[in-house]
Chemist: 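Let me begin by handing over the structure; questions about it come next.
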Protein chains: 2
Amino acid sequence: MKIMSVTIKDIARVAGVSYSTVSKALNNSSLVKDTTKQRIIAIANKMHYEPNYAAQKLVSKQTKIIGLIWPTIDRVVLSSLVTQINKKINQTPYSMILSVDSVQASLDRFKRFQVDGIILFEESTDTTIKHDTIPLISYGVSRDNQMNYPIIDPNHEKAMYEAVKYLIELGHHSIAYIGDFSASDPLQVTKYHGYKKAMQHFGLPLDKNHQIDTKGLDWYNGYSAGNKLLKNTNLPTAIIGGSYDISAGVIRCIKEEKLNIPQDLSIISCDNVPEMEKLEVPLTCIGVPIDHLANEIVKSMIMYIENKELEPCVKKMTPVLSERNSCAKK
Amino acid sequence: MKIMSVTIKDIARVAGVSYSTVSKALNNSSLVKDTTKQRIIAIANKMHYEPNYAAQKLVSKQTKIIGLIWPTIDRVVLSSLVTQINKKINQTPYSMILSVDSVQASLDRFKRFQVDGIILFEESTDTTIKHDTIPLISYGVSRDNQMNYPIIDPNHEKAMYEAVKYLIELGHHSIAYIGDFSASDPLQVTKYHGYKKAMQHFGLPLDKNHQIDTKGLDWYNGYSAGNKLLKNTNLPTAIIGGSYDISAGVIRCIKEEKLNIPQDLSIISCDNVPEMEKLEVPLTCIGVPIDHLANEIVKSMIMYIENKELEPCVKKMTPVLSERNSCAKK
DNA sequence: TTGAAAGCGTTACCAG
DNA sequence: CTGGTAACGCTTTCAA
């Protein structure tokens with residue numbers, strides 16, 4: 001029970017022309033007389049012709065599709081970025097598909113599909129990515145060793161520097177960090193690293209009790225870690241939250257301790273997403289705005305695709321501080 | 001500067017055989033001597049060969065790819081389902097790609113890719129879907145009018161019935177519902193509808209003050225709505241939470257009111273996801289377990305693809321009650 | 001057990 | 001302007 005669909009040959013037969021003429025007519029080529037063109041198009045419509053994309057792709061080598069590899073969709077933080085990237089891509093002649101598998105499996109699949117370009121959300125540095133042929137750019141942390149594709153880096157180290165600087169300018173000297181220290185996610189590692197580096201840079205002491213490992217990125221992880229921090233006899237005057245969800249949890253436990261934000265305790269969060277505004281306490285945050293990120297990623301991707309000259313480079317983005325009402329002068 | 005990828009001809013050249021032999025070897029045909037087969041496969045691996053889907057499709061009419069349409073990835077609840085479905089599909093000869101666009105745009109894209117089948121997460125009933133040729137099944141609510149493809153229905157109405165029944169058996173008579181009433185999402189509407197229907201069925205009064213519209217599906221929506229409910233002079237003895245995040249927010253505000261779960265107030269949540277266990281208070285919940293859902297969806301999809309005989313039907317799934325410690329006898 | 005060749009539905013080139 | 005024909009990368013006969 002195979003249903004054969006209409007091909008250009010069928011149309012050619014009906015129209016009484018060669019199938020190459022049909023092809024040209026359907027592609028609106030100027031090499032076909034206008035009257036025959038119209039006639040052929042009319043016939044094609046009447047026969048409900050639909051081009052076979054497999055065949056088209058086979059010869060034209062272009063799919064106008066960009067593949068995005070997103071190994072763990074559970075990381076909610078990124079879904080907002082994915083949505084933005086998709087929007088941007090749709091403003092171009094390209095469109096996007098997603099693969100939620102392991103990096104290598106996704107890479108293989110996209111290669112078979114012959115997508116025109118690949119965007120990779122890199123969530124671990126363990127695996128060496130062997131990409132050939134297809135233009136690939138990665139969103140993540142630059143690693144200085146073997147780097148054979150361009151990287152868009154949200155520059156969390158710089159963000160942490162700015163956060164610490166901002167708090168110091170407000171008069172804070174005791175600044176805590178609550179975030180995920182787990183070594184597997186390079187983005188999280190960089191935040192923690194950046195915090196410590198900034199503190200040292202400004203000559204502030206690194207108090208072990210003021211560095212809390214959430215061991216996860218969920219709301220509740222932030223909440224628990226916050227409780228641990230507030231048990232200290234010597235409280236910090238400001239807290240840096242490692243991510244949106246973590247900060248949300250921290251807010252909660254601060255309020256439970258009957259402390260006021262920002263009068264008793266200032267808090268600033270990593271990641272610059274609009275949702276920060278809608279939290280229980282609207283949060284000052286530091287990070288590259290999602291749409292800057294999406295813009296840069298899509299722009300680079302398409303440039304890379306269209307003139308394959310883009311050489312492996314690291315584009316470090318510029319974090320922006322979005323002030324709300326969660327930090328006060330000390 | 002076009003970089004061609006490896007084809008069977010390249011492999012043939014290296015292996016010193018004809019390319020038709022390579023094709024057979026790679027498809028594990030019995031028409032090739034085992035030793036040459038192994039040799040060819042080894043070479044193919046070394047050369048990082050990946051078959052070209054377009055070419056395969058052109059001749060064999062199959063891509064072994066299933067497309068999943070997921071219009072709004074922000075709905076976190078579903079990401080867990082997507083992950084499960086992906087896992088299941090990977091246990092078959094098929095694999096999965098995702099499109100996060102509007103239904104129609106996604107449909108077009110998948111058609112272009114000639115995927116073998118399409119799974120649709122339907123999040124609104126406004127648009128009429130015109131699908132042709134490609135097998136399509138939908139996850140969502142059955143609508144009785146024009147239905148031209150199979151639907152997997154999580155049966156929230158039944159779930160609500162079971163929830164109410166369960167609470168009544170524990171001795172509750174004053175049961176509140178906190179959920180999203182917004183008419184745009186059919187899944188949410190069904191929950192609310194099912195609650196009301198069940199209450200009436202068991203002859204329980206429907207108190208307007210015990211039906212709170214969260215106007216959203218986020219944690220904070222649940223939190224606010226919970227506060228509104230607890231302002232009542234006449235408190236319910238049990239609450240049904242409309243979704244995972246909503247229930248999480250409700251828990252929070254119950255605790256802030258210094259009420260104990262389940263001694264002072266019982267709570268049960270819609271949606272049966274493993275994460276319920278890890279909440280501040282592990283939650284009893286009612287719903288079709290995620291992996292039942294994933295199993296059914298993938299099974300039906302593949303059956304549909306392989307013998308196109310599956311007629312438009314609605315498969316209503318069976319909700320399961322997962323008991324934890326959030327409901328007590330009254 | 002292997003190879004040659006036809007064909008899948010297009011596009012693109014070159015003659016006419 | 002139009003038609004013929006060679007690709008594209010693969011599977012599948014049919015011969016050898």
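Lettering of chains follows the sequences in order, A, B, ..., and the numbering in each one begins at 1. Only heavy atoms go into these numbers, but all of them, side chains included; no hydrogens, no water, no symmetry mates.
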Chemist: With the side chain counted from C-beta on, respond yes when B:Leu293 and B:Gln84 share a heavy-atom pair under 4.5 Å apart, and no when they do not.
Modeler: no
Chemist: In residues 30-44 of chain B, what residues come within less than 4.0 Å of DNA chain C, judged by heavy atoms?
Modeler: B:Leu31, B:Val32, B:Lys33, B:Thr36
Chemist: With sugar-phosphate meaning primed atoms plus P, OP1 and OP2, does B:Lys9 contact a base, only sugar-phosphate, or nothing at under 4.0 Å between heavy atoms?
Modeler: nothing
Chemist: Below 3.5 Å between N/O atoms, which protein atoms pair up with nucleotides 3-7 of chain C? Just atom names and distances, please.
Modeler:
from  : atom 1 : to      : atom 2 : distance (Å)
C:dG3 : OP2    : B:Ser18 : N      : 2.9
C:dG3 : OP2    : B:Ser18 : OG     : 3.4
C:dG3 : OP2    : B:Thr21 : OG1    : 2.7
C:dG3 : N7     : B:Lys24 : NZ     : 3.3
C:dG3 : O6     : B:Lys24 : NZ     : 2.5
C:dA4 : N7     : B:Ser20 : OG     : 3.2
C:dA4 : N6     : B:Ser20 : OG     : 3.3

Chemist: Compute the angle between the rotation axes at the two ends of the helix from C:dT1-D:dA16 to C:dG16-D:dC1, each taken over five pairs, rounded to 10 degrees.
Modeler: 50°
Chemist: Among pairs that include at least one residue of residues 7-52 of chain A, which meet ring pair (Phe, Tyr, Trp, His ring centres under 6.0 Å), considering only residues two or more places apart or in two chains?
Modeler: none
Chemist: Does a side-chain N or O of B:Asn52 approach OP1 or OP2 of D:dC8 to a distance below 4.0 Å, or not?
Modeler: no
Chemist: Would you mind reporting whether A:Ile40 and A:Ile11 have side-chain heavy atoms less than 4.5 Å apart?
Modeler: yes
Chemist: Heavy atoms, side chains only, cut-off 4.5 Å: are A:Ile119 and A:Ile66 in contact?
Modeler: yes
Chemist: Tell me: CG of B:Asn28 to C1' of D:dT11, nearest whole Å?
Modeler: 15 Å
Chemist: Please name all residues satisfying ring-ring contact (aromatic ring centres under 6.0 Å, His included) with B:Tyr53, sequence neighbours left out, ordered by chain then number.
Modeler: A:Phe113
Chemist: What is the nucleic acid contact for B:Tyr53, judged by heavy atoms within less than 4.0 Å: base, sugar-phosphate only, or nothing?
Modeler: nothing
Chemist: When you compare the side chain of A:Val14 with that of A:Asp10, does any pair of heavy atoms fall below 4.5 Å?
Modeler: no
Chemist: Do the side-chain N or O atoms of A:Lys61 get closer than 4.0 angstrom to the phosphate oxygens (OP1, OP2) of D:dG9?
Modeler: yes
Chemist: B:Asp10 has an atom CG; how far is it from atom C1' of D:dC10, in whole Å?
Modeler: 13 Å
Chemist: Check the distance between C:dA12's P and A:Leu26's CG and give it to me in whole angstrom.
Modeler: 13 Å
Chemist: Identify each donor-acceptor pair in which a side-chain atom of residues 28-35 of chain A lies under 3.5 Å from a protein atom, sequence neighbours left out, and give them as a table.
Modeler:
from    : atom 1 : to      : atom 2 : distance (Å)
A:Asn28 : OD1    : A:Lys37 : NZ     : 3.1
A:Ser29 : OG     : A:Leu31 : N      : 2.9

Chemist: Run the side-chain contact (heavy atoms from CB on, under 4.5 Å) check on B:Ile41 and B:Leu26 step by step: do they pass?
Modeler: CA-CA 6 Å; B:Ile41 290 174; B:Leu26 261 22; 4.1 Å; yes
Chemist: Is there a donor in the side chain of A:Ser138 and an acceptor in the side chain of A:Glu122, or the other way round, less than 3.5 Å apart?
Modeler: yes
Chemist: Mind calculating the distance between NZ (B:Lys57) and P (C:dT10) to the nearest angstrom?
Modeler: 13 Å
Chemist: Measure the distance from CG on A:Asn27 to P on C:dA12 and round it to the nearest whole Å.
Modeler: 7 Å
Chemist: Does A:Gln56 place a side-chain N or O at less than 4.0 Å from the phosphate oxygens OP1/OP2 of C:dG9?
Modeler: no
Chemist: Within a strict 4.5 Å, meaning less than it, do heavy atoms of the B:Ser300 and B:Lys315 side chains meet?
Modeler: no
Chemist: So what does A:Ser60 hit on the nucleic acid, given a heavy-atom distance under 4.0 Å: a base, only sugar-phosphate, or nothing?
Modeler: nothing
Chemist: For residues A:Asn52 and B:Leu58, determine if any side-chain heavy atom of one lies less than 4.5 Å from a side-chain heavy atom of the other.
Modeler: yes
